[in-house]
Structures are given as structure tokens and as C-alpha cells.
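Down below is the structure, laid out as C-alpha cells.
By convention here, the first residue in the shown sequence is residue 1. Any value given below was found using the heavy atoms of this structure, including those in side chains, with hydrogens, waters and symmetry copies removed.
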Amino acid sequence: MTGYATSRGVPSAAAAGVTVGSGLLKLAGGVMVALGLWADLGALFLAVFLIPTAVIMHAFWKESDAQARQMEMTQFMKDLGLGGASPVLLVFFSYAGHDLGLTITGPLFHIS
């Protein structure tokens, strides 16, 4: 992924460990939501990863080739859709997470 990130204009993608860090953020967020270990924090991790990724990595408006533009638009919409669902999960788990019985831990954030 470092080569792809570099080709998309991410500065110092290899040196700063940006791709490794983003991969760990995505992995941690997904595992936390799936297992219910502070699922609200995991949803926040996913939103922090997905929304900037949609804008930085899938800038379809910069593509001149129609096929490449369509592919990047599809990936942009996917990341933006999942990134928009993540705050909904954050609020859901923060508000009702302790009453669900679906999580191993209770929510880290509490919305009353």
C-alpha cells in the first residue's frame, strides 16, 4: 500500500509509517466493533480512517480517464458511506451499548 499511497500524493508514506499506522487504525477499529471491546471507540477509529482516506486516496475529480474516474468514484463513495456510518455506530454504542448485551465491554463514551 505504500506505493499506492505515494502515487496518490501522500507525503512521506513510507518514511513516516503512514500506511502501517492507517492499517493498524483500521484493524483495531474493525476488531473493536466486531468484538464489542469499546465498540464506540472502534467506530471512532474507523471514521478517523475512512473519511480522510476517501478524500485523499480516491480523489476521482482529479482523474482524466473515464474508467479510472469511475473506479475512484466508486471507492470514494464506499469509503464515505462507511465513514458516515461509523459516527452513527459511535453514538449508538455510546448511548445504548451497555444495555445491548452485544458487547464485551461497556462504552467508553457515555451519551445520555
Side-chain angles (χ1 to χ4, degrees):
M1 293 306 294
T2 302
Y4 182 63
T6 303
S7 75
R8 299 313 254 163
V10 175
S12 305
V18 172
T19 53
V20 172
S22 67
L24 290 174
L25 188 67
K26 181 172 48 171
L27 178 67
V31 168
M32 291 170 81
V33 169
L35 296 180
L37 298 168
W38 287 328
D40 52 346
L41 181 62
L44 181 62
F45 285 172
L46 291 173
V48 165
F49 168 77
L50 286 164
I51 295 170
T53 298
V55 175
I56 295 169
M57 299 295 288
H58 303 297
F60 64 90
W61 52 89
K62 293 180 181 177
E63 295 292 335
S64 57
D65 180 53
Q67 187 174 6
R69 180 184 302 240
Q70 185 63 47
M71 184 183 75
E72 291 301 329
M73 183 185 293
T74 300
Q75 296 303 317
F76 176 84
M77 293 300 200
K78 174 198 55 106
D79 282 356
L80 204 58
L82 291 171
S86 296
V88 173
L89 282 176
L90 169 85
V91 171
F92 176 70
F93 283 120
S94 296
Y95 181 73
H98 56 283
D99 294 331
L100 291 173
L102 300 173
T103 59
I104 295 173
T105 64
L108 184 63
F109 308 111
H110 297 283
I111 297 175
S112 300

Got a list of side-chain donor-acceptor pairs under 3.5 Å for residues 80-97, not counting sequence neighbours?
residue, atom, partner, partner atom, Å
Ser86, OG, Leu82, O, 2.9
Ser94, OG, Asp40, OD2, 3.3
Ser94, OG, Leu90, O, 2.7

Show which side-chain atoms of residues 23-31 pair as donor or acceptor with protein atoms under 3.5 Å away, not counting sequence neighbours.
none

Show me the donor-acceptor pairs, under 3.5 Å and distance only, between side chains in residues 46-62 and residues at least two apart or in other chains.
residue, atom, partner, partner atom, Å
Thr53, OG1, Phe49, O, 2.5
His58, ND1, Glu72, OE1, 2.8
His58, NE2, Asp79, OD2, 3.4

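Hydrophobic cluster membership is shared by Leu108 and Met32, with clusters built from Ile, Leu, Val, Met, Phe, Trp and Tyr side chains linked at under 4.5 angstrom. Connection of Phe109 to Trp38 is established within a shared hydrophobic cluster, with ILVMFWY side chains joined at heavy-atom distances below 4.5 Å, either directly or through further cluster members.
The two residues Ala68 and Glu63 come nearest to each other via the heavy atoms CB-OE1, 3.6 Å.
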Go through the steps for Thr74 and Gln70 under the test side-chain contact (heavy atoms from CB on, under 4.5 Å), then give the verdict.
CA-CA 6 Å; Thr74 300; Gln70 185 63 47; 3.7 Å; yes
